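Quantities reported herein were computed from a predicted structural model and do not represent experimental measurements. Only heavy atoms go into these numbers, but all of them, side chains included; no hydrogens, no water, no symmetry mates.
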Amino acid sequence: MAPLAKAGGLADVAGALVKYLHADGHDIRLFMPAYASIPYARLQYYPVEFLQNLSVQLGTTQYVFSVLTARLPGSEAFVYLIDCPACFHRPALYTSDADEHLRFLLLTHAAFICCQRMGFAPDIMHFNDWHTAMGPLLRQTMYAWDGLFQYTRTVLTVHNIGYQGVVSAEVLPSGPTALLHQEDLRAGRINLLRHGVMYADLITTVSPSYAREIRTPEYGLGLEGELRARADHLVGILNGVDYDDWDPRRDHFVPRHFGANQLGVKADLKDDFLKRLRLSAGQRTPLIGMVSRLAEQKGFDLLFTALPRLLEAHNFNLVVLGSGEPRYEAFFHGLALAHPTRVHFHRGYSDELAHWIEAASDMFLMPSRYEPCGLNQMYSLRYGTVPIVRRTGGLADSVQHFDPATGQGTGVVFNDYNVEAVIWAVSTALDLYQNRGAWRRLVQNGMACDFSWKRQVKLYLEQYQRLSL
Ligand code: ADP
Ligand code: GLC
């Protein structure tokens, strides 16, 4: 959960949901691991006296944890940090260690145990992704005896079905197996996300389009059967944007601010940024930005062929921020070496650079193979940075293809997942950029969009309330 720990969009979503639900008057308590990387020095946190040295038995291992609490920065909401150094003091938030599933099973149990000890009977327990997807089943089995949870309804949000938490059945702690997916068990494995989909009272995902897509084999990646069976309990709610953090009129990371009628400031920011990156630019040379986890999902395979051809055929600069799979890192590194005055690649993670890229770029490229929601295209719209996206998942739900004839639309959208399509899309955007009137219209259409969390949180509340009736 941002700003305490972040590996991707889930952190932004969790932080915003807690903040806006709390602001709306709800008693929301968030449980997350007390990762070693949390900036404790900047956080006022306290040990919770009656939540010390609690233990959970998972298989043959006994885990001991204590609980720290703090207010979510920028909010009054309480966050509970599950402090178990054996599990959470590792070099990264997510690992490929053999006990990865146990780390998060511990977190899931800890949430129940803390509620019990606090005498807190939640109306809704909201779990996210495979890591905590066993929560709904635990509620129905191990914790069913406790009247505290009698009226508790469970929600599972699928942020990304590409990660399902498939583990060998042997490594699961012992317990009743009748409710487990029998076919998986016979194959000797267990798919944690599948169990969330089977047992949550409500399944949500992070855009309406993705909610439809994951019911097909192409996008459901093996869970389409369960999702189709539970279609009446599956809804898509588009993520929102926290405009306190992502707004060019008050961005803390950039020195000058602008709204839809101050696009000259954006052009000045671009000049400063290009100097800083040591990229050279002629008059009206567009800058394309990318900020991303470098994972296959994001469509980088298309760029191996598309970007060299585009750089050959058109005049533009490119700035890429990201880290991840070595083949993509090597590709962008090589591209920057081949075009030192036109392409900049920053390998790593940087909030500051991410904000600069949004503020200074003219276009933002997201050619995703699949995208449950995607946040950067929505950030881009607010920053007057025209998104170039594939029509999939949340990208399809948040960006409309621009039609110069009518002046309607907010970005450039392509359909097919192939090299020609992405080349077409980027070329279309570069051509549009040369038409000053049309470009201004396109930019301003995007800046006028409102994807605020204030609105999206209401959709979650409607669902929570329906469950609690
Ligand atoms: P995903 O969760 O699949 O990575 P999203 O678009 O939902 O994709 O969210 C990604 C979030 O992580 C955005 O807030 C984006 O700015 C941020 N991000 C991704 N990579 C980096 C990076 N290298 N440096 C800074 N922020 C990053
Ligand atoms: C996932 C998805 C991304 C989504 C984010 C937050 O990581 O890949 O599309 O925006 O979760 O829901």
inquiry  = Please determine whether side chain to side chain donor-acceptor pair (under 3.5 Å) holds for the pair Gln297 and Asn160, giving the CA-CA distance in whole Å, both sets of side-chain angles, and the decisive distance to 0.1 Å.
reply    = CA-CA 10 Å; Gln297 164 198 350; Asn160 193 331; 3.0 Å; yes
Counting neighbours of [atom1] on [X] that are heavy atoms of other residues, nucleotides or ligands and sit closer than 6.0 Å, is the number greater than 12?
X	atom1	value
Gln62	CD	yes
Lys6	NZ	yes
Gln44	CD	no
Arg228	CZ	yes
Phe253	CZ	yes

Gap separating the [atom1] atom of [X] from the [atom2] atom of [Y], nearest 0.5 angstrom:
X	Y	atom1	atom2	result
Ile357	His344	CD1	NE2	8.0 Å
Ile388	Leu395	CD1	CG	12.5 Å
Leu93	Leu4	CG	CG	11.0 Å
Leu30	Met1	CG	CE	5.0 Å
Leu17	Asp242	CG	CG	11.5 Å
Asp12	Asp245	CG	CG	8.0 Å

Consider only side-chain N and O atoms of [X] and [Y], and report whether a donor and an acceptor are under 3.5 Å apart.
X	Y	answer
His109	Tyr63	no
Asn239	Gln456	no
Glu224	Thr216	no
Tyr349	Asp351	yes
Glu358	Asn376	yes
Asp251	His257	no
Thr392	Glu371	no
Gln465	Asp123	no

Quick check: closest heavy atoms across [X] and [Y], and the distance to 0.1 Å?
X	Y	result
Leu302	Pro367	CD1-O, 4.3 Å
Asp450	Ser452	OD1-N, 2.8 Å
Gly9	Leu375	CA-CD1, 3.6 Å

ask   = Do Asp301 and Arg327 pass the salt bridge (charged side-chain N to carboxylate O under 4.0 Å, His left out) test, and can you show the C-alpha distance, the side-chain angles, and the key distance before you say yes or no?
value = CA-CA 10 Å; Asp301 290 306; Arg327 60 195 164 130; 3.4 Å; yes
task = Not counting sequence neighbours, list each pair that qualifies as a side-chain hydrogen bond (donor to acceptor under 3.5 Å, both in side chains) and has a residue in residues 196-212.
result = Thr154-Asp201, Thr157-Thr204, Ser209-Arg212, Ser209-Asp397
Tell me, do [X] and [Y] make a side-chain contact under 4.5 Å, heavy atoms counted?
X	Y	result
His89	Asp83	yes
Cys114	Ile82	yes
Met366	Met290	no
Phe451	Gln377	no
Ser361	Ile288	no
Val79	Arg71	no
Lys298	Ser292	yes
Asp27	Phe120	yes

inquiry  = Against the six-membered ring of Tyr80, is Arg29 placed for a cation-pi contact (under 6.0 Å from the centre, within 45° of the normal)?
reply    = no
request  = Using the six-membered ring of Phe50, assess whether NZ or CZ of Arg117 lies under 6.0 Å from its centre and within 45 degrees of the ring axis.
outcome  = no
message = Would you call the rings of Tyr460 and Trp453 parallel, tilted or perpendicular, taking 30° and 60° as the class edges?
response = tilted
With distance as the sole test, does [X] use its side chain to make a donor-acceptor pair with the main-chain N or O of [Y] at under 3.5 Å?
X	Y	answer
Ser66	Asn53	yes
Ser350	Leu353	yes
Gln52	Pro47	no
Arg215	Ala211	yes
Gln182	Leu180	yes
Thr152	Pro122	yes
Gln164	Arg194	no
Arg139	Phe149	yes
Arg390	Phe414	no

note = Exactly one of His26, Arg153, His126 clears side chain to side chain donor-acceptor pair (under 3.5 Å) with Tyr464, and that residue is His126
query = Could you go step by step and tell me if Tyr370 and Tyr219 meet the ring pair (Phe, Tyr, Trp, His ring centres under 6.0 Å) rule?
reply = CA-CA 8 Å; Tyr370 74 90; Tyr219 289 93; 7.0 Å; no
request  = Establish, yes or no, whether a centroid distance under 6.0 Å links the rings of Phe300 and Phe332.
outcome  = yes
key: Pair listing, ring pair (Phe, Tyr, Trp, His ring centres under 6.0 Å) test, anchored in residues 372-400, at least two apart   = Trp246-Tyr379
ask   = Which one of Phe31, Phe104, Tyr163 satisfies the ring-ring contact (aromatic ring centres under 6.0 Å, His included) criterion with His131?
value = Phe104
Arg186 bridged to Asp184 by N-O distance under 4.0 Å = no
inquiry  = Any carboxylate oxygen within less than 4.0 angstrom of a Lys/Arg side-chain nitrogen, looking at Asp244 and Lys19?
reply    = yes
inquiry  = side-chain contact (heavy atoms from CB on, under 4.5 Å) for Arg103 and Phe88? Distances and angles first, verdict last.
reply    = CA-CA 7 Å; Arg103 302 170 70 212; Phe88 302 127; 3.9 Å; yes
query = Can Gln408 and Asn445 be said to form a side chain to side chain donor-acceptor pair (under 3.5 Å), step by step?
reply = CA-CA 8 Å; Gln408 303 295 309; Asn445 287 352; 5.8 Å; no
inquiry  = Determine whether Asn191 and His181 satisfy the following criterion, side chain to side chain donor-acceptor pair (under 3.5 Å), listing intermediate values before the conclusion.
reply    = CA-CA 8 Å; Asn191 179 323; His181 189 263; over 6 Å; no
